[in-house]
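Contents: one structure, followed by commentary.
Quantities reported herein were computed from a predicted structural model and do not represent experimental measurements. Residue numbering restarts at 1 for every chain, and letters A, B, ... go by the order of the sequence lines.
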Number of protein chains: 2
Amino acid sequence: MQTTAASHNYPCQNCKVRDKAICSALTNEELRELSKVTTEVQLAAEAAVFYEGDENTYLFNVVAGTIRLTKLLPDGRRQVTGFLFPGDFLGLSVGNTYVYTAEAVTEVSLCRFKRGNLVKMLDRFPNLEHRLLELASNELVQAQTQLLLLGQKTATERVSSVLVGLMERIGRRGDDGIVIDLPMTRGDLADYAGLRTETVSRCFTQLREEGVIDTLGKHGVNIRQPEKLADLSGDQ
Amino acid sequence: MQTTAASHNYPCQNCKVRDKAICSALTNEELRELSKVTTEVQLAAEAAVFYEGDENTYLFNVVAGTIRLTKLLPDGRRQVTGFLFPGDFLGLSVGNTYVYTAEAVTEVSLCRFKRGNLVKMLDRFPNLEHRLLELASNELVQAQTQLLLLGQKTATERVSSVLVGLMERIGRRGDDGIVIDLPMTRGDLADYAGLRTETVSRCFTQLREEGVIDTLGKHGVNIRQPEKLADLSGDQ
DNA sequence: CGCGTTATTGAAGTCCATCAATGGCTGTGG
DNA sequence: CCACAGCCATTGATGGACTTCAATAACGCG
């Protein structure tokens, strides 16, 4: 992992994600304390933040960029268990090791601190543990929703669901619909949806032909008919 | 939900799952306090504990029996997100509603208490919140492991993985292998593994023909070759 | 502008689902 | 206690959705 900027004095107050992640549970005073043990790190696209099985030394908040969480089978099959965006928290674990691999999809900027420091703070700031439990619960709900997707949905429903999910998290209102700048490849999406690249591509084409979406280069998606996309997701 | 036995004075000290669930985080003294707000409820097989979307009023510990957690799509497709056994905790949620349906697979006995009571106790017993975070984290890991199964594994690998998981949780050493008394139907297992009943059945047959398992009636499974089953699970 | 990577499209194949019928528990009532 | 009924599991035959293999096209980066 390449650290390009260490900034012990980085003022959390100016942080773009100050009111997200776990920091939202802290007062300004508490935040000042946290900022003492905080380092900002930058990673190039495709760099690994940590690998499944590594000792869990650091916890992170995503400040900028996109992170991909993956689990691997011994023969190389890969499941993407989630994508993280600015404001998301990274590093929950059981025991002393990370339970998935985290990699940068784009260039990424992370707010890093030692696990030990957080654990120490937990005793003094009960809010923090409440917040962690809340985060874990949310992740759990998210994971269970994905179980439903992977276990029961068709290819079209999966791709539609994934697009709806990304739309809600990183969509921006455009001239004619909601625009997503997809940071990840079709392959990443495929491994997230339990499909193959070609199938994801075919679903995109189908959605385009039906007028539900437009694609703008490799990364741009314009969702012209959000309701129709939601219908196609199988959730309603 | 049918309550057959209310027991305000039930002594948690004698509880069969006293050192599991969240109770393991409590001292005897704390436990005495918890037992004041605790009710033991019994449910018949196939009864619902609660439905997805219900207001989250109660939390539970499973004392005896098996619980099935499910999520449904509007058209009836069902994903089983997990099975609970004695000692497991039930009722984590986000917001004020349950995020999945919980149903009794067998006759079940539950230790029930109001969510509000637990929340009150959280302030006084920090251990309890630690424990809840631990439980949530464990569930999360479990869910992510299941994502890998549903997204990437073949039918045989899924069924083998599920059997390995059940073996570890409810397996008993038998004369010639490890014996599981499967409380759920093939249909439940299918909805858990993202398969159809027929496919699960065919996988059982195949495993039997290969000498990996024996089936004893509808519910009994004898795992003669645990290592071979683990190999077939795709995890090693 | 050109090259490498990623996306798309097409054709063929495979695994699991679906449809259908039989077989076998299990629990109940005579 | 046995017989029956109903559900569940199994097995077989067929079909379909997605994968796999292969080739082309199009980004987008240097």
Side-chain angles (χ1 to χ4, degrees), chain A residues 44-46 68 75-80 105-107 149-163 180-210 213-221 232 234, chain B residues 44-46 68 73 75-80 105-107 149-163 180-209 213-221 232 234:
Chain A
E46 296 306 315
R68 175 180 65 220
D75 65 1
R77 280 174 285 174
R78 184 184 77 154
Q79 180 65 29
V80 172
V105 173
T106 62
E107 194 177 343
L149 180 147
L150 292 174
Q152 304 300 330
K153 289 186 179 178
T154 65
T156 305
E157 288 171 340
R158 293 180 195 206
V159 171
S160 301
S161 298
V162 169
L163 284 177
I180 310 176
D181 185 43
L182 284 184
M184 68 291 287
T185 65
R186 300 285 188 271
D188 288 337
L189 289 174
D191 285 348
Y192 183 53
L195 300 168
R196 311 269 86 179
T197 303
E198 297 92 328
T199 305
V200 171
S201 189
R202 280 184 245 270
C203 290
F204 269 73
T205 300
Q206 184 199 326
L207 290 172
R208 189 169 352 97
E209 284 169 353
E210 288 174 5
I213 64 169
D214 268 341
T215 48
L216 317 155
K218 280 183 183 172
H219 297 297
V221 177
L232 291 171
Chain B
E46 295 307 315
R68 175 180 65 220
L73 288 174
D75 65 1
R77 279 174 286 175
R78 183 184 76 151
Q79 180 64 29
V80 173
V105 174
T106 62
E107 193 177 345
L149 181 148
L150 293 173
Q152 304 300 329
K153 289 187 180 178
T154 65
T156 305
E157 287 171 340
R158 292 180 196 207
V159 171
S160 301
S161 297
V162 169
L163 285 177
I180 310 176
D181 185 44
L182 285 183
M184 67 292 287
T185 65
R186 299 285 187 270
D188 288 337
L189 289 175
D191 285 348
Y192 182 54
L195 300 168
R196 311 268 87 180
T197 303
E198 297 92 327
T199 305
V200 171
S201 189
R202 279 184 244 271
C203 289
F204 269 74
T205 300
Q206 184 197 328
L207 290 172
R208 188 170 352 97
E209 284 170 353
I213 65 169
D214 267 342
T215 49
L216 316 154
K218 279 182 184 173
H219 297 297
V221 177
L232 291 170

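Listed pair S201(A) / dT8(C) meets the phosphate criterion, a side-chain N or O lying under 4.0 Å from OP1 or OP2.
Within 4.0 Å (heavy atoms only), G194(A) reaches sugar-phosphate atoms of the nucleic acid but no base atom. Contacts of T199(A) with the nucleic acid, taken as non-hydrogen atoms under 4.0 Å apart, include base atoms.
When all heavy atoms of L207(A) and V159(A) are compared, the closest pair comes out as CD1-CG1, 4.2 Å.
Taking atom CG on L216(B) and atom C1' on dC8(D), their separation rounds to 17 Å, with Å as the unit. Between L189(A) atom CG and dT6(C) atom P the separation is 13 Å, expressed in whole Å. For the pair L150(A) CG and dA17(D) P, the computed distance is 19 Å after rounding to whole Å. Atom CG of D191(B) and atom P of dC8(D) are 13 Å apart (whole Å). Across the protein-nucleic acid pair, K153(B) atom NZ and dC15(C) atom P stand 18 Å apart, rounded to whole Å. The distance from atom CG of D188(A) to atom P of dT5(C) is 16 Å, rounded to the nearest whole Å. Protein atom CG of L195(A) is 15 Å distant from nucleotide atom P of dC16(C), rounded to whole Å. Between the C1' atom of dC16(C) and the CZ atom of R77(B) lies a distance of 16 Å, rounded to the nearest Å.
Put simply, the residue from R202(A), R208(A), E210(A) that forms a side chain to side chain contact (heavy atoms under 4.5 Å, CB included) with Q206(A) is E210(A).
The nearest heavy atom of DNA chain D to T185(B) and to V200(A) marks one nucleotide each, and the one closer to the 5' end goes with T185(B). Heavy-atom distances to DNA chain C give each of R202(A) and K218(A) a nearest nucleotide, and the one nearer the 5′ end belongs to K218(A).
Comparing dA9(D), dT8(C), dG28(D) by their nearest atom to the side chain of H219(A) picks out dG28(D). Proximity note for R196(A) (side chain, C-beta onward) versus dT19(D), dA9(D), dT8(C): the nearest is dT19(D). Among the nucleotides dT8(C), dC8(D), dA20(C), the one closest to any side-chain atom of T205(A) is dT8(C).
For the atom pair L73(B) CG and K153(A) NZ, the distance stands at 6.0 Å (nearest 0.5 Å).
A donor N or O paired with an acceptor N or O is found under 3.5 Å between the base of dC21(D) and the side-chain atoms of E198(A).
Using a 4.0 Å cut-off between charged side-chain N and carboxylate O, R68(B) and E46(B) make a salt bridge.
Between S201(B) and R186(B), the side chains place no donor N or O within less than 3.5 Å of an acceptor N or O (distance only, hydrogens not considered).
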